[in-house]
Engineer: 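Once you've had a glance at the structure underneath, I'll fire off some questions.
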Amino acid sequence: MAVSSSSFLSTPSLSNSKSKSTISFSSSISSFRHVVFRSSTTTPSHRRAMTVRSKIREIFMPALSSTMTEGKIVSWIKTEGEKLSKGESVVVVESDKADMDVETFYDGYLAAIVVGEGESAPVGAAIGLLAETEAEIEEAKSKAASKSSSSSAPADSAEAVVPSPPPATSSPAPAIAQPSPVTETVSDGLRKTVATPYAKKLAKQHKVDIGSVAGTGPFGRITASDVEAAAGIAPSVASPPPPPPAATTPTAKAKASTTNSPPPLPGASIVPFTAMQSAVSKNMIESLSVPTFRVGYPVNTDALDALYEKVKPKGVTMTALLAKAVGMALAQHPVVNASCKDGKSFSYNGSINVAVAVAIGGGLITPVLEDADKLDLYLLSQKWKELVGKARSKQLQPHEYNSGTFTLSNLGMFGVDRFDAILPPGQGAIMAVGASKPTVVADKDGFFSVKNKMMVNVTADHRIVYGADLAAFLQTFAKIVENPDSLTL
Amino acid sequence: MQSAFSLSFSHSSLTTPNRPLSPSNAAPRNLRFCGLRREAFGFSQSKQLTSCRLQINSRRIKVSAAAATNGAPSKSSFDYDLIIIGAGVGGHGAALHAVEKGLKTAIIEGDVVGGTCVNRGCVPSKALLAVSGRMRELQNEHHMKSFGLQVSAAGYDRQGVADHASNLATKIRNNLTNSMKALGVDILTGFGSVLGPQKVKYGKDNVITAKDIIIATGSVPFVPKGIEVDGKTVITSDHALKLESVPDWIAIVGSGYIGLEFSDVYTALGSEVTFIEALDQLMPGFDPEISKLAQRVLINPRKIDYHTGVFASKITPAKDGRPVMIELIDAKTKKPKDTLEVDTALIATGRAPFTNGLGLENINVATQRGFIPVDERMRVIDGNGKLVPNLYCIGDANGKLMLAHAASAQGISVVEQVTGRDHVLNHLSIPAACFTHPEISMVGLTEPQAREKAEKEGFKVSIAKTSFKANTKALAENEGEGIAKMIYRPDNGEILGVHIFGLHAADLIHEASNAIALGTRLQDIKLAVHAHPTLSEVVDELFKAAKVDSPVSTTAQSVKAVV
């Protein structure tokens, strides 16, 4: 904008952004008529100049609805040079909702049309210029010329983002690139960006640069959820996600079988699932398609309990301790942190994100402690508190509950001694932690003693995690818990 | 009748551009790229899927119960009075009417009775659209809430949906077959072809003769060059109607009726859609105002994007772990523009006549881009521009108006002629509908067409408009989205065109199409009463909003006088 050739012209464009407040009346949308003029200067320091320039006013793209980000000029009712009087319709603008006449709030002449018929401009952009006197038409025209030349440049580049993303777009890929065998997708990333129609729509709506989003969909394409993750928003509730075609058949079958069950007993009430409960239900049904197995392991927690007593005053929770221990064990056994997405390959995850199951009013959610292996115990504890708070107030962002690579579920506080958990789709393993209880044990010399023991039970996807892998992981985990000093390092 | 006649005649250039007399109208590029073949009535082409009037069917059965039997062969030496080649909706309509008129009739079918409409077109697509409409409603939480309804997340079973479509097709096919059998129409199985004047061969070597012959062989999906259809990832409407898969992302080539309806189905079932349209705007052929509003409702808020002004020059099916690849070139410069990668591509670029192997060379008839040239009475025109006696062609094969109900109407018109009553069908009175949610329907001229005609013939055109928001029943249904628009002559009250976009638009159009067919004038019909509250009041509003200069005609007689 500021590239205009004369300093005379550059000032008004600078003041544009500031002068927006002068047109607050454009929000009086009730009558389908909009007044969209702003004076080109208001900056007091240019008071002298203003007396000259205020006679050339900009006509700008009005916001005709709350969701409108850009508008298209359907037609100019007036032509350049034509005289306008206050209240007359000047231009017809098409928004995402309707066509509306835009009227002038000032008398004058339509000096120049900056955005032609059929062209689009973002809300707030100048689409034409109004001169107060005939004499100023020429001046306004030259201004328009500079405006259109300077404004066309950013418009072009903005447009260019979609069809041909700059090569730089592939550079974020390594950030999420997997450590090992997924070279295929990385090389695919070098090709042009492919985004689905809805992803593009969302990106525009949330002003996300689609070129900077990493695609996780089939063939590396950018899907709506990728954009939502990039924008940091929860999946829209207004239009619940359509059932994923792949999972539909089993889901529907499952539903059919439930509807076939005998009619409810008299007095029974039927309460439809909430969105969260539906999501849980869907995930649970989906989990049936994964071949899982379970391995249990007793862990001596005397040392951990002692550590917990020590760090508790500093705000460390048992969850953080366990998550940290899990994170450190996973770091040594990447396969347990991997997942099987397509039934044909391992997807090794670049970071260790431990999801922890939390029961919240009528549902279940799994806030994620990202980089559990790297963050120190105190940061983890802090983070955990924050997440739990958000979970209770239902303010978790999607990446805070669906980026887990391993899940931890602890029912120990209820006195449960052991249980097994269902593997959530998209992850390789889940750990179910029971209560730590005093247990009589005999050591190798035959001496009895009482130690605190807890049972951990891991459910894993046998397509990628084998028995020996899991056993080795549990052994590492037990060692860490039994010698927990490393947890505080 | 008089008015109908004059209308159709004056518009022959619009309705029958296929005639050799007006080569300027031949627009093959439309056929290829956007599912249109006609400049003026282009939209009609892709309408195949959308509308067929099977009520004809049941109505006729009743009639036939009385009329009962196939006519005895006339004194002549022919095997039959009438042979119809092709048992689609057009052939079926002609056959029933022929029996009613006492003709001994045979119908030849090389595939299955019912043709495109029943088996691969309007009928199964309506089944899918019925599902998509309900899905849409159940998924629209806001809509449900505004009713005070609570529904848990809607889901579907793909096979169940597909079965609904194929079951419906089977049921309608049986109805069609039974209605003809009940009347004693001989259904001859085998591929039919014309051997010579009044002589037809079917199957291997069965030769039969008839006084008159109607060709009603219909059409097949048109697939432009460079597109490889594998039936799995690159498909036509034939495959799509089986709903063997619901892809995550489907590109639909062509944004006419077929494409629009499928976009409605697929988006409701969870797919994302990319339209590829050769013309500069989506939904060409619709009244511009309607298509603009329709785009706001049917395209913009849905998970749909589009490329306009481009051809899909090459489409390769998914294989070797690669998705479907679509190469786009600029429609004007022919320069490569973009490449798309999608899961499935649906080719909805219109339909091509199915006229190969019909033995047309035996009677010196040359097809034009596959279409059989006919005059306004559906009489076939030969290579020398002369009428071929006793030979008629109806429906998609003549390409006048590619709609099932148009074919049926043309068939009935032909039967009227061969039984001694001259009849010319007014194509401008044939309604058309697109069964999206909400539906689009139309009859007669679009506003630009009407203005052009008005300018040429020197009369004035007025427009009446009303919104569904003003209709009580629509509001009760929480479906206030939509408009109805009528184009008429203020001087004599003639209706030139009606376009409706809104709830049940397809059912609402007939009041207008009947008025056009019968020549009813606005000053008369505006006094008719509509039940309250009904959607039909939308059309009533239009009639009442019209400002006509001429006085109410007291009798039907005076209506004719005005004409």
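Sequence lines set the chain letters: A, B, ... in the order given, protein chains first and strands last, and positions in each chain run from 1.
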Engineer: If you draw a 6.0 Å radius around NZ in K341(A), do more than 12 non-hydrogen atoms from other residues or ligands fall strictly inside?
Structural biologist: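 It does: K341(A) NZ has more than 12 such atoms within range.
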Engineer: Which bit of K292(B) comes within less than 4.5 Å of chain A, counting heavy atoms only: side chain, backbone, both or neither?
Structural biologist: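 Looking at K292(B), just its side chain touches chain A.
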Engineer: Please determine whether the number of non-hydrogen atoms from other residues, nucleotides or ligands lying under 6.0 Å from atom CD of E447(B) exceeds 12.
Structural biologist: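 More than 12 heavy atoms, drawn from other residues, nucleotides or ligands, come within 6.0 Å of this atom.
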Engineer: In terms of heavy-atom pairs under 4.5 Å, which option from D305(B), V273(B), T339(B) contacts chain A the most?
Structural biologist: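 Between D305(B), V273(B), T339(B), the count favours D305(B).
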Engineer: Identify the two heavy atoms, one from E341(B) and one from R221(A), that lie closest to each other, and give their separation to 0.1 Å.
Structural biologist: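 Closest pair (atom of E341(B), atom of R221(A), distance): O-NH2, 4.0 Å.
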Engineer: Quick check on the interface: out of T196(A), T223(A), L202(A), who has the most heavy-atom pairs with chain B under 4.5 Å?
Structural biologist: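 Looking at each of T196(A), T223(A), L202(A) in turn, T196(A) comes out on top.
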Engineer: Would you mind checking which part of V342(B) comes under 4.5 Å of any heavy atom in chain A, side chain (CB onward), backbone (N, CA, C, O), both or neither?
Structural biologist: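 Only the backbone of V342(B) comes within 4.5 Å of chain A.
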Engineer: Got a donor-acceptor contact below 3.5 angstrom from the K201(A) side chain to the N300(B) backbone?
Structural biologist: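 Answer holds: yes.
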Engineer: Please find the pair of heavy atoms, one from R322(B) and one from F219(A), that lie closest to each other, and give the distance.
Structural biologist: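 Answer, listing the atom of R322(B) first, then F219(A): C-CE2, 3.9 Å.
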Engineer: Is any side-chain heavy atom of T274(B) less than 4.5 Å from a side-chain heavy atom of P197(A)?
Structural biologist: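 Yes, at least one pair of side-chain atoms sits under 4.5 Å.
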